[in-house]
Asks: 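Handing you this structure, nothing more for now.
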Amino acid sequence: MQDSYRHKGLRKNLVEEIRLKGISDQRVLDAINRIPRHFFMDSGFINFAYKDSAFPIGAGQTISQPYTVAFQTQLLNVQPHEKVLEIGTGSGYQTAVLIEMGANVFTIERQKELYLKSKALLEIMGYRPHFFYGDGYIGMPSYGPYNKIIITAGTPEIPEKLIEQLDIGGKLIAPVGDKNSQVMTLVEKISATESKITKHGNFIFVPLLKGVKQ
Ligand code: SAH
């Protein structure tokens, strides 16, 4: 795996593109600028790595569009040392962005093949999140509560168990809707029983599914 001047140049252009699309948090842009996204894609598709679009990663899943990754990360307002729970490791790219932001990341993937592949890749790249093969629908209560929770798959409703694992003052971001379209939804937990909900435009993600896949 090589990160050449050409890759770095293409990545700079990508960062500029997503800045123009409205991402203003410099820490998010810097994180994207530092991560070789082409490492997360099969070698045959390297030319697509620095286009601002989602791309298949096998097992019927996709690596999210860089703009979408940046948008979710910006809304979460991730701060150094915060505990962040990610549902849907997928390629591991979003995980790397959260780690570059300084977060202590706990990430869950339900498909064994992707879990193993992304765990191996992130370890080679020097990223050390806590990896779990399991059902993100139920979260990871034993390590909670979390300052931030990010769901990177579309869901008709936000699982109640995940809101329970959010710290008071914490934030959860999730694309909520049916399989054709979801609304980016930010939940801010104000007290044990109250949350503030705001909506931030339409996106399309692969679905959040219950249970695990061998
Ligand atoms: N964050 C990823 C996006 C991956 S797509 C990236 O940057 O590449 C969404 C991922 O969520 C898929 O890998 C899918 O298998 C996973 N997923 C779907 N339902 C899940 C669940 N209940 N628990 C954990 N992972 C889930």
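Scope of the values below: all heavy atoms of this structure, side chains included, with no hydrogens, waters or symmetry mates. Here the structure is a predicted model, which means the values were calculated and not measured. Each ligand, and each atom within it, is numbered from 1 in the order the structure gives.
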Asks: Only heavy atoms of Ser64, strictly under 4.0 Å: list the atoms of ligand 1 that pass.
Replies: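 Near Ser64, the atoms of ligand 1 are 3 (C), 8 (O).
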Asks: Provide, to 0.1 Å, the distance between atom 4 (C) of ligand 1 and the closest protein heavy atom, together with that atom's residue and name.
Replies: Thr62 O, 3.3 Å
Asks: Are the aromatic rings of Phe106 and Phe131 close, with centres under 6.0 Å apart?
Replies: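 Centroid separation for Phe106 and Phe131: 6.0 Å or greater.
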Asks: Any side-chain heavy atom of Ile158 sitting closer than 4.5 Å to one from Val176?
Replies: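 SC-SC contact between Ile158 and Val176 confirmed.
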Asks: Atom 11 (O) of ligand 1: which protein heavy atom is closest, and how many Å away?
Replies: Gly88 CA, 3.2 Å
Asks: Would you indicate whether Glu157, at its atom CD, is surrounded by more than 12 heavy atoms from other residues, nucleotides or ligands within a distance under 6.0 Å?
Replies: yes
Asks: State the atoms of ligand 1, each with its element, that fall below the 4.0 Å cut-off from a heavy-atom position in Leu114.
Replies: 13 (O)
Asks: Measure the distances from the heavy atoms of Leu208 to every atom of ligand 1 and state whether one is below 4.0 angstrom.
Replies: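 Per 4.0 Å heavy-atom rule, Leu208 contacts ligand 1.
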Asks: Under 3.5 Å between any N/O of Gly136 and any N/O of ligand 1: does that happen in this structure?
Replies: yes
Asks: Distance to 0.1 Å, residue and atom name: give those for the protein heavy atom nearest to atom 13 (O) of ligand 1.
Replies: Glu109 OE1, 2.8 Å
Asks: Among all protein non-hydrogen atoms, which one is nearest to atom 7 (O) of ligand 1, and what is the separation to 0.1 Å?
Replies: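 Protein heavy atom with the smallest distance to atom 7 (O) of ligand 1: Gln94 N, 3.2 Å.
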Asks: When you check the side-chain N and O atoms of Tyr143 and His130, is any donor under 3.5 Å from an acceptor?
Replies: no
Asks: Donor-acceptor pair, Gln72 side chain versus Ile151 backbone, under 3.5 Å?
Replies: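 It does hold such a pair.
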Asks: I'd like to know if Lys161 pairs up with Glu164 as an ion pair, taking the criterion as any Lys NZ or Arg NE/NH1/NH2 lying under 4.0 Å from an Asp or Glu carboxylate oxygen.
Replies: no
Asks: Short list, please: which atoms of ligand 1 are under 4.0 Å from a heavy atom of Thr89?
Replies: 1 (N), 2 (C), 6 (C)
Asks: When you measure from atom 12 (C) of ligand 1 to every protein heavy atom, which one gives the shortest distance, and what is it?
Replies: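 The protein heavy atom lying closest is Gln61 OE1, 3.2 Å.
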Asks: So which heavy atom in the protein is nearest atom 25 (N) of ligand 1, and how far is it from that ligand atom?
Replies: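 Minimum-distance protein heavy atom for atom 25 (N) of ligand 1 reads Arg110 N, 3.3 Å.
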Asks: What do you reckon, is NZ of Lys83 surrounded by more than 12 foreign heavy atoms closer than 6.0 Å?
Replies: yes
Asks: Give the atoms of ligand 1, by number and element, whose distance to some non-hydrogen atom of Gly90 is under 4.0 Å.
Replies: 4 (C), 13 (O)
Asks: Quick test: of every protein heavy atom, which one is nearest to atom 9 (C) of ligand 1, and how far off is it to 0.1 Å?
Replies: Thr152 O, 3.3 Å
Asks: Under 4.0 Å from a heavy atom of Tyr137: give me the atoms of ligand 1 that qualify, with their elements.
Replies: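 Reading through ligand 1 atom by atom, the close ones are 22 (N).
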Asks: Check whether any side-chain N or O of Glu109 sits under 3.5 Å from a backbone N or O of Leu114 as a donor-acceptor pair, and report yes or no.
Replies: no
Asks: Would you please determine whether Pro207 falls within less than 4.0 Å of ligand 1 on a heavy-atom basis?
Replies: yes
Asks: Would you find a donor on one side and an acceptor on the other, under 3.5 Å apart, between the side chain of Thr89 and the backbone of Gly92?
Replies: no
Asks: Does Leu209, backbone or side chain, put an N or O under 3.5 Å from an N or O of ligand 1?
Replies: yes
Asks: Taking only heavy atoms of Gln111, which atoms of ligand 1 are found under 4.0 Å from at least one of them?
Replies: 15 (O)
Asks: Using a 4.0 Å cutoff against the non-hydrogen atoms of Val206, which atoms of ligand 1 qualify?
Replies: 5 (S), 9 (C)
Asks: Should the pair Asp167-Lys148 be classified as a salt bridge under the 4.0 Å nitrogen-to-oxygen rule?
Replies: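 Here Asp167 does not pair with Lys148 in a salt bridge, since their nearest N and O are not under 4.0 Å apart.
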Asks: Will you find, in the side chains of Glu17 and Tyr67, an N or O donor that is under 3.5 Å from an N or O acceptor?
Replies: no
Asks: So, the side chain of Thr68 versus the backbone of Ser64: is there a donor-acceptor pair under 3.5 Å, distance only?
Replies: no
Asks: Is there side-chain contact between Ile108 and Glu86, with heavy atoms separated by less than 4.5 Å?
Replies: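 Not touching, per the 4.5 Å side-chain cut-off.
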Asks: Contact between ligand 1 and Glu86 is defined here as a heavy atom of the residue under 4.0 Å from a ligand atom; is it met?
Replies: yes
Asks: Judged by non-hydrogen atoms, does Lys210 sit under 4.0 Å from ligand 1?
Replies: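 Lys210: no contact with ligand 1 (<4.0 Å).
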Asks: Looking only at protein heavy atoms, identify the closest one to atom 6 (C) of ligand 1 and say how far it is in Å.
Replies: Ser91 OG, 3.5 Å
